[in-house]
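Structure, as structure tokens:
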Amino acid sequence: MADSSKKMQIVFASAECAPFVKTGGLGDVAGSLPAALVRAGAEVIVMVPKYATIKDEYKAQMEHFSDFYVSLGWRNEYCGLEKLEHDGVTYMFIDNERYFARDYPYGFFDDGERFAFFSKAITESLQHLPAGFECDILHCNDWQTALAPVFLREFYQGLPLYDRVKTVFSIHNVAFQGQFSDTVMEDILGVAHIPAAASQLRCDACSINYMLGALRYADAITTVSPTYANEIQTPEFGEGLDGVLRERSYALQGILNGIDVAGFDPATDKRIAANYTVEDRSGKAVCKAKLQEELGLEVRDDRPLMVMVTRLTRQKGMDLVMYALDRILSGGVQVAVLGTGDRDYEDGLRYFQDKYPGTMAARIEFDPALSQRMYAAADMFLMPSKFEPCGLSQIIAMRYGTLPIVRETGGLKDTVQPYNEFTGEGTGFSFTNFNGDEMGDAVFRAARLFWDNRDAWNQLVTQAMSQDFSWTRSADKYLDLYFFMHPEIERPVAVVDEPEAAAEPVAAEEPKAEEKPVEAKPAKAEPEVKAEVAPEAEAEAKPAAKPAAKKTTTRKTTAKKVTTTKVATTKTTAAKATTTRKRTTAAAKKAVEAEAAPEVMAEVAETKPAAKAPAKTTAKKSTASKTTTAKKVTAAKKTTATKSTTTKTATTKTATTKAAAKPAAKVEETPAESKAEVTVEAKPTAKTTTRKRTTTTAKKTTTKAAAPKAEAKPAAVKVEPKTEVKAKPEPAKEAPVSPAAQAEEKAPTKKTSVRKATATRKRR
């Protein structure tokens, strides 16, 4: 059984985490996702190395929580845990100055040893967490933490504390895998004597691969976008790991990253020239003019400004940019590029800046503040990556109303919907192949829309800015995975049934939630429901009577036009429901019972052959009414679920229904319409309203006897809900089909009650 008292407890391990240390997208994820998980109700501890580069202001806030020794090969290394609470998240910094007191997180000769220690320290730390925190999920990220699932399985599995721990490994970029000489297998990892571990870590005759170990040992694998999850299973993008990823494809899924929507908000960003919102974007024009002036471009609002904020590498598509830039600049598009990278690309951008003064600007530097101003000022954002696991730049650009132009790969394909000129849908522009001409075509598709159809352009900007790329959405998908791996932990869910209750205020008093599931079944398979409802129909009729009343009232008003207005009756039910609520209250109750006791209707149809002919037409109507009643009688469905409880009170309800049944019988007499016609209309309403009516009239027998008449008098049903309910319960069409109906026919008491009901009607 699910444990409702326990929260999901997650240890999130990452080699970097904003705002403490960040070199790329991993830092953004580790800085934002845990906070979103905490807001969603989970308990999270983030584990990060205590680098010397962490600001002193954060170090001053850390408190020494615990210390112990970690065995690494033949070594015993000191490990301290420094605790820090920041923005509602608990951070545990792994302290070992020999490994982490350096000027930069990565790029050292002993990185294999440093992050093997980090992975071993993570698993060992699970025994030293705050009281009451028992790790359910160990979530590791990239190769720096990839050995943690390996160590957990080989050295810790079987210990009571670790039995419940499930491991998740996230790939942020499959190109960085952590490959080292196999000499570290024994000297550092201490697994050379374990054949299974040694074979699963080895990637060739003399090398091991940390990420490969995680892919084989982790319980679940994620990556940062659904498209990238598919791409890395191919030789083109798999970087040599596509084989194992295909083998474990059942455990692999892509979950899109989000962005800090509070930090990247054009309405409040203090780094940009003017603030603006999706409703009022006048500030964006100010930002554009200011940036053009700052970068030495012509200050013109009639020329589209396209920017790039990127690393100048081939992976980011700089080959395509160099190829098409001459065409783009000569075509009237302004271009500004910010970034550093390969020297060839840096020199090429400087060349075009000199060739196209006032149109091209190149800033070969790293300037976060300038990048923010460029996101806010530009009209278009170019991102033609060769591959892109997720990418955040295109998401930030859309947040600031700058339309992205991207290549359809990885997260770029998942986040940017290409513009459709016929429907107006889209949030940007895209091209498929890694080709400079295709990229140029995409740029000019955007430019032409900017020049020729500004209304369509503005609508596209509105759609882009309206997208939800918050971490809340991503965190919800990660929680889906976590709770799937721990089904014994109950996930807190928000109540979603309020709208239905509001739709049926009349029946609010009775337990609708329980009734819903049951009523749905009768609509689908009336025979089964009828058999069950026959005895309990009366009890259920009342709770569902109100929702069904709406339908019954419409049916009553349309009784005269049975054949011509079968569809109209369902449509007008809502309009007539208000006027005939009083009349249909009793009928509603009967209708509910009728629905609950479809078998009773079937029996009535069999007992009265005269009503069989109309039964056919009523069957058609009943099917139509079933669908409409199902929508209106969501509460009725709930009542069916509580049939057992309602049956107990059925006797009391039947008594009241009998009293009401008499006037109903009178009503039937007043309308001179033929009984056959009555039965025709009664059947459509029978499913929804019959349940209500049957409860008031008589449990099963009364409804069966009056079924033919009730159909003939839908309007009369309003006046005499109970008696008509009886009539409606007799859906002749169902009688021949449902075995339950046959069972009811066998019951002599039911038939006799039907006869009595008809006799009493004649007397009246």
Any chance you could lay out the side-chain contact (heavy atoms from CB on, under 4.5 Å) test for Asp379 and Lys288, step after step, and finish with the verdict? CA-CA 8 Å; Asp379 299 300; Lys288 180 177 179 179; 2.6 Å; yes

Using a cut-off of 6.0 Å, state whether more than 12 heavy atoms not belonging to Tyr106 lie near its atom OH. yes

Inspect the contact between Arg363 and Asp367 and indicate whether a charged nitrogen and a carboxylate oxygen are less than 4.0 angstrom apart. no

If you measure from the Lys or Arg side-chain nitrogens to the Asp or Glu carboxylate oxygens, is any gap between Asp182 and Arg202 under 4.0 Å? yes

Can Asp319 and Tyr345 be counted as having a side-chain donor-acceptor contact under 3.5 angstrom? yes

More than 12 heavy atoms of other groups within 6.0 Å of Glu408 CD: yes

Evaluate Leu392 against Phe264 for side-chain contact (heavy atoms from CB on, under 4.5 Å), listing each step before the verdict. CA-CA 11 Å; Leu392 298 180; Phe264 295 104; over 6 Å; no

Run Thr409 and Glu231 through side-chain hydrogen bond (donor to acceptor under 3.5 Å, both in side chains) and show every step you take. CA-CA 8 Å; Thr409 182; Glu231 289 177 344; 3.0 Å; yes

Heavy-atom closest pair, residues Leu33 and Phe12: CD2-CE1, 3.8 Å

Minimal non-hydrogen separation, Pro19 against Tyr58, with atom names: CG-OH, 3.4 Å

Is the NZ atom of Lys477 crowded by more than 12 outside heavy atoms at less than 6.0 Å? no

For the residue pair Lys413 / Ser225, report whether a side-chain donor-acceptor contact shorter than 3.5 Å exists. no

Quick one: are the ring centres of Tyr478 and His139 less than 6.0 Å apart? yes

Answer whether the closest heavy-atom distance between the side chains of Ile328 and Met439 falls below 4.5 Å. yes

Here the gap from Phe352 atom CZ to Leu349 atom CG, rounded to the nearest 0.5 Å, amounts to 8.5 Å

Modelled atom types, side-chain donor and acceptor of Gln334 and Gln292, under 3.5 Å: yes

Taking the side chain as C-beta and beyond, is there a heavy-atom pair between Lys83 and Tyr91 under 4.5 Å? no

So, Glu438 versus Asn433: side-chain donor-acceptor pair below 3.5 Å or not? yes

Distance-only, no hydrogens or angles: does the Thr234 side chain make a donor-acceptor pair with backbone N or O of Asn230 under 3.5 Å? no

With side-chain hydrogen bond (donor to acceptor under 3.5 Å, both in side chains) as the criterion, how do Thr427 and Gln463 come out once you've worked through the C-alpha distance, each side chain's angles and the decisive distance to 0.1 Å? CA-CA 6 Å; Thr427 57; Gln463 291 165 190; over 6 Å; no

So do the side chains of Pro105 and Thr23 get within less than 4.5 Å of each other, counting heavy atoms only? yes

Between Phe431 and Pro384, what is the shortest heavy-atom contact and its length? CZ-CB, 3.7 Å

Below 4.5 Å, heavy atoms only, C-beta onward: do Cys203 and Gln179 meet side chain to side chain? yes

Does Gln233 offer a backbone N or O that forms a donor-acceptor pair with the side chain of Arg246 under 3.5 Å? yes

Within a strict 4.5 Å, meaning less than it, do heavy atoms of the Val416 and Ile405 side chains meet? no

Please tell me if the side chains of Thr415 and Val406 come closer than 4.5 Å, counting only heavy atoms from C-beta onward. no

Are Arg399 and Phe469 in a cation-pi setup, meaning NZ or CZ lies under 6.0 angstrom from the ring centre and within 45 degrees of the ring axis? no

Determine whether the aromatic ring centres of Tyr375 and Phe381 lie less than 6.0 Å apart. yes

Do the side chain of Arg248 and the main chain of Ala218 share a donor and acceptor less than 3.5 angstrom apart? yes

Side-chain H-bond candidate by donor/acceptor type, Glu425 with Asn420, under 3.5 Å: no

Out of the candidates Phe169, Phe176, Phe180, only one should pair with Trp143 under the ring pair (Phe, Tyr, Trp, His ring centres under 6.0 Å) rule; please name it. Phe180

In terms of heavy-atom contacts, Asp103 and Thr53 come closest through O-CG2, 2.9 Å

Donor-acceptor under 3.5 Å (Arg473 side chain, Asp468 main chain): yes

Treating Asp111 as the side-chain partner and Phe108 as the backbone partner, does any N or O pair qualify as donor plus acceptor under 3.5 Å? yes

Crowded around Gln61 CD? As in, over 12 foreign heavy atoms under 6.0 Å? yes

Does a side-chain heavy-atom distance below 4.5 Å link Ser330 with Tyr356? yes

Could you check whether Arg98 pairs with Glu77 (Lys NZ or Arg NE/NH1/NH2 to Asp/Glu carboxylate O, under 4.0 Å)? yes

Using only heavy-atom distances, determine whether the side chains of Tyr400 and Asp269 contain a donor-acceptor pair under 3.5 Å. yes

Could you tell me whether Asp342 and Arg314 have a side-chain N and a carboxylate O separated by less than 4.0 Å? no

Flag for Thr277-Asp280: side-chain donor and acceptor within less than 3.5 Å: no

Spacing of Lys316 atom NZ and Glu388 atom CD [to the nearest 0.5 Å]: 3.5 Å

Charged tip of Lys386 within 45° of Phe434 ring normal and under 6.0 Å: yes

Pairing residues for Thr227 by the side-chain hydrogen bond (donor to acceptor under 3.5 Å, both in side chains) criterion, not counting sequence neighbours: Asp414

Going by an N to O cut-off under 4.0 Å, is there a salt bridge joining Asp302 and Arg454? no

Could you report the tightest heavy-atom contact between Pro404 and Gln394, atom names first, then the distance? CB-CB, 4.1 Å

Student check: side-chain heavy atoms of Leu297 and Leu305 closer than 4.5 Å: yes

Is the side chain of Asp301 donor-acceptor paired with the backbone N or O of Ala285 at a distance under 3.5 Å, no angle test? no

Using a strict cut-off of less than 4.0 Å between a Lys/Arg side-chain nitrogen and an Asp/Glu carboxylate oxygen, indicate whether Asp354 and Arg350 qualify as a salt bridge. no

State yes or no: are the ring centers of Phe20 and Phe93 separated by less than 6.0 Å? yes

If only atom types and distance count, is the side chain of Asn275 paired as donor or acceptor with the main-chain N or O of Pro266 below 3.5 Å? yes

Test Glu239 against Ile232 for side-chain contact (heavy atoms from CB on, under 4.5 Å), laying out the working first. CA-CA 8 Å; Glu239 300 289 343; Ile232 60 178; over 6 Å; no

Give the intermediate values and the outcome of side-chain contact (heavy atoms from CB on, under 4.5 Å) for residues Leu338 and Glu365. CA-CA 7 Å; Leu338 172 66; Glu365 58 183 320; 3.7 Å; yes

Minimum heavy-atom separation for Thr222 to Ser170, with atom names? OG1-OG, 2.5 Å

